Amino acid sequence: MDFGGLLTPPTEDELRSVLESALPEDVQTAPRSKCAFEPLWQKFVVRGRQFDQQFCHVYARRFAQLREAIWAAARRQWADQLAGEVLEVERIVQLREDAPSVCVGVLYKQMRLRHSVIEEYQKELGISETMYPLDDYTSSEDTLEIEDDSGRMRLTGDVGSLPVHALSTGLAVALLGKMTEDGEFHVEAWCTPGMPEPLPEASLSLKDNSESGPFVLITSGLSFGGNSDPLPASLLVDYVAGRLGSTQDRVNIGSNICRVILAGNSMAPLDEGERLRDRNLPAADQERIAGPLYELDSMLAQVGRRVPDIECKPLRRPQLTVDLMPGAEDASSISLPQQPFHRSLLPTACRYPSLMRPPNPYEALVENRHFIGTSGQPVDDLLKFTKTKVPEDADAKAVGVSETEESVSEVLDVMERMLSWRHLAPTAPDTLPCYPFYQEDPFVLENTPQVFFAGNQRDFGCRRVRAPNGGSCLLISVPKFSATGDAVLVNLSNLEASRLHFGVSMTME
């Protein structure tokens with residue numbers, strides 16, 4: 001008997017026949033949508049990292065990159081004043097007493113409740129009381145200062161002209177006012193650079209009432225290896241693989257999902273006692289701590305195996321790709337920009353071309369739609385050190401608005417302000433760890449995205465804001481999946497976002 005044919009690899013036609021027979025009939029007749037893709041996150045990938053430079057260079061480069069835009073915004077907003085007696089002062093040291101002036105610089109916020117580095121070091125040594133993190137570090141005693149390469153000056157003004165509660169360290173702003181005899185600058189008005197123009201390559205046209213996609217699914221906070229129920233995550237994997245849902249769902253939605261973005265915290269956080277502190281661990285403890293990585297690797301490998309591309313050659317990239325972003329709890333650097341997962345951490349999943357490992361922040365063109373997003377750290381940090389409302393009104397709860405709705409509204413308010421400030425992480429490096437960049441600040445927004453998302457938030461929310469040149473930006477608060485079971489589906493045709501819930505029952509709003 002001749003068994004030689006059993007050892008030969010299958011032909012492309014034989015492989016396609018096997019794959020088609022393994023899929024439901026409705027999926028066989030509805031091939032997955034194809035989406036053009038161009039990664040734009042290269043500027044967030046740090047090569048040849050060095051940590052001997054000072055963080056002051058980050059602020060210097062940020063100010064240099066935004067200086068022209070700030071002056072342009074100031075001249076537009078205060079054109080009448082500048083045409084009169086108000087002076088344009090290029091450097092803070094050139095301000096004159098009682099002379100109405102416009103100056104630009106970077107803000108620094110003095111905060112009484114903020115922990116100092118010395119206090120944190122004393123806590124590490126055990127010679128001071130334990131410091132507990134706060135959800136809100138703002139107080140009525142906070143003050144603002146403005147600085148440039150020539151000096152620093154304290155700012156004064158009422159809440160209407162200088163909203164200390166809403167501003168943070170690291171913002172590049174323009175101020176209208178005058179210097180007092182005490183050497184302080186009394187602010188009468190302020191302005192930010194404003195939203196930049198959309199990316200020229202991005203398509204700005206929207207299709208009305210288009211429900212056929214293609215779609216991008218965004219989720220965050222899967223927390224593999226934790227104590228949360230694993231059923232919703234399993235349902236999510238089956239759904240994107242086209243094995244879950246009604247025939248209509250699989251044909252109209254499932255087959256039209258061309259990309260999945262996992263926006264951070266895919267691993268469950270370690271307990272404080274389990275965190276590595278320069279000490280050796282027994283093999284059993286190492287296995288237990290590495291458990292979340294094993295589960296994540298297995299899940300991503302399932303997606304790679306379960307999503308065959310029957311329209312393409314076997315070795316080409318599948319049409320559904322998973323973008324795995326690192327988050328605060330993941331096995332990546334703590335400093336922004338967080339670098340991509342190392343392929344050695346995901347040995348099984350990295351065998352499949354369906355997995356891409358972008359950094360955090362994320363930036364890409366998907367079907368000529370400009371996406372920018374983070375795993376949520378910049379938004380969370382801003383919510384700790386700023387307030388979206390005047391402190392006197394913060395305790396006044398809106399009638400008919402739940403605590404969750406108010407929280408989501410604050411997240412979207414912060415994201416909208418980040419666009420106006422033209423910066424993805426304004427509190428870095430002051431209260432948010434980041435790499436000490438020397439030549440440029442990559443977090444400066446050069447273009448307004450069409451989709452701006454923040455992962456690991458309390459609940460789902462979205463808002464559309466106007467952008468220059470007739471464009472718009474869809475702000476998305478992506479909920480933590482392990483806590484809510486919710487993912488976000490973005491329609492690339494009309495740039496509308498909806499919630500997908502995975503659990504005992506699945507609904508779409």
Side-chain angles (χ1 to χ4, degrees), residues 135-136 166 168 195 215-223 232 236 259-266 323 325-329 336 360-363 366 369-389 398 401-421 423-427 432 445 448-467 472-492 494-503 507-509:
D135 294 330
D136 183 6
S168 71
M195 292 187 189
F215 300 99
V216 171
L217 188 143
I218 309 175
T219 188
S220 64
L222 292 173
S223 298
L236 172 65
R259 204 163 199 93
V260 176
I261 301 175
L262 304 182
N265 288 2
S266 298
D323 294 330
M325 296 171 56
E329 305 295 345
L336 293 181
N360 172 33
Y362 176 99
E363 184 173 8
V366 185
R369 302 297 192 186
H370 189 196
F371 278 69
I372 291 182
T374 69
S375 296
Q377 298 98 313
V379 172
D380 295 340
D381 201 61
L382 273 171
L383 288 173
K384 292 179 181 178
F385 293 94
T386 64
K387 286 183 177 293
T388 57
K389 298 180 180 179
V401 178
S402 66
E403 184 178 350
T404 300
E405 291 174 336
E406 189 172 358
S407 174
V408 172
S409 178
E410 290 180 350
V411 169
L412 298 176
D413 288 343
V414 166
M415 296 176 67
E416 186 173 352
R417 288 190 295 173
M418 290 168 67
L419 293 178
S420 176
W421 298 338
H423 208 272
L424 288 174
T427 56
L432 187 66
L445 279 171
T448 297
Q450 294 170 285
V451 178
F452 182 31
F453 64 87
N456 298 288
Q457 300 306 309
R458 182 173 179 177
D459 200 2
F460 165 73
C462 62
R463 177 189 300 171
R464 191 181 301 276
V465 295
R466 292 184 178 180
S472 64
C473 178
L474 178 65
L475 310 178
I476 305 177
S477 170
V478 182
K480 192 172 183 179
F481 187 86
S482 61
T484 64
D486 292 340
V488 179
L489 199 64
V490 180
N491 190 329
L492 296 179
N494 53 24
L495 289 183
E496 293 184 356
S498 54
R499 184 206 314 256
L500 278 176
H501 179 74
F502 295 86
T507 58
M508 179 176 176
E509 299 179 0

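If you read the sequence from its start, that first residue is 1, and numbering goes on from there. All figures in this text were calculated on a predicted structure; none of them were measured in a lab.
Proximity of Val414 to Pro378: side-chain heavy atoms (C-beta onward) are nowhere separated by under 4.5 Å. Proximity of Phe452 to Leu424: side-chain heavy atoms (C-beta onward) are separated by under 4.5 Å at one or more points. Residues Val490 and Phe453 have side chains not in contact (no heavy-atom distance under 4.5 Å, counting atoms from C-beta outward). In this structure the side chain of Met195 reaches within 4.5 angstrom of the side chain of Val465, judged on heavy atoms. Residues Leu222 and Leu236 are in side-chain contact: their nearest non-hydrogen atoms beyond the backbone lie under 4.5 Å apart. Ser407 places none of its side-chain heavy atoms less than 4.5 Å from the side chain of Asp459. Side-chain contact between Ser220 and Asn265 is absent, with no heavy atoms from C-beta onward closer than 4.5 Å. Gln457 is listed as a side-chain neighbour of Asp380, based on a closest heavy-atom distance under 4.5 Å.
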TODO: Take Arg458 and Val408 through the side chain to side chain contact (heavy atoms under 4.5 Å, CB included) test and state the conclusion after the steps.
DONE: CA-CA 7 Å; Arg458 182 173 179 177; Val408 172; 5.5 Å; no
TODO: Take Leu382 and Trp421 through the test side chain to side chain contact (heavy atoms under 4.5 Å, CB included) and record every step on the way to the result.
DONE: CA-CA 13 Å; Leu382 273 171; Trp421 298 338; 4.0 Å; yes
Open item on the list: Could you go through Arg463 and Ser409, starting from their C-alpha distance and side-chain angles, then the distance that decides it, and tell me whether this counts as side chain to side chain contact (heavy atoms under 4.5 Å, CB included)?
Closed with: CA-CA 9 Å; Arg463 177 189 300 171; Ser409 178; 3.8 Å; yes
- [ ] Run the numbers on Phe371 and Ile476 for side chain to side chain contact (heavy atoms under 4.5 Å, CB included), then give the verdict.
- [x] CA-CA 11 Å; Phe371 278 69; Ile476 305 177; over 6 Å; no
Open item on the list: side-chain hydrogen bond (donor to acceptor under 3.5 Å, both in side chains) for Thr427 and Asp381? Distances and angles first, verdict last.
Closed with: CA-CA 7 Å; Thr427 56; Asp381 201 61; 2.7 Å; yes
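Taken from CG in Asp413 to CD in Glu406, the straight-line distance is 10.0 Å, to the nearest 0.5 Å. The distance from atom CD of Gln377 to atom CG of Asn360, rounded to the nearest 0.5 Å, is 5.0 Å. Rounding to the nearest 0.5 angstrom, the gap separating the CG atom in Leu262 from the CG atom in Leu217 is 8.5 Å. Summarising the geometry, atom CD belonging to Gln450 is positioned 8.5 Å from atom SG belonging to Cys473; distances are rounded to the nearest 0.5 Å. Distance check, rounded to the nearest 0.5 Å: CE of Met325 to OG1 of Thr374 gives 6.5 Å. A distance of 5.5 Å separates CD1 of Ile261 from CG of Asp323, quoted to the nearest 0.5 Å.
The two residues Arg499 and Asp486 make their nearest non-hydrogen contact at NH1-OD2, 2.9 Å. Between Val488 and Ala497, the shortest heavy-atom distance links the atoms CG1-CB, 4.0 Å. The nearest pair of heavy atoms linking Val379 to Met415 is CG2-CG, 4.0 Å. Listed here is the closest heavy atom pair of Lys480 and Ser223: CE-OG, 3.9 Å. Closest approach of Lys387 and Arg417 over heavy atoms only: O-NH1, 3.9 Å. What you find for Ser472 and Arg464 is that their closest heavy atoms are OG-NH1, 3.5 Å.
Side-chain atoms of Asn456 come within 3.5 Å of backbone N or O of Ser375 as a donor-acceptor pair.
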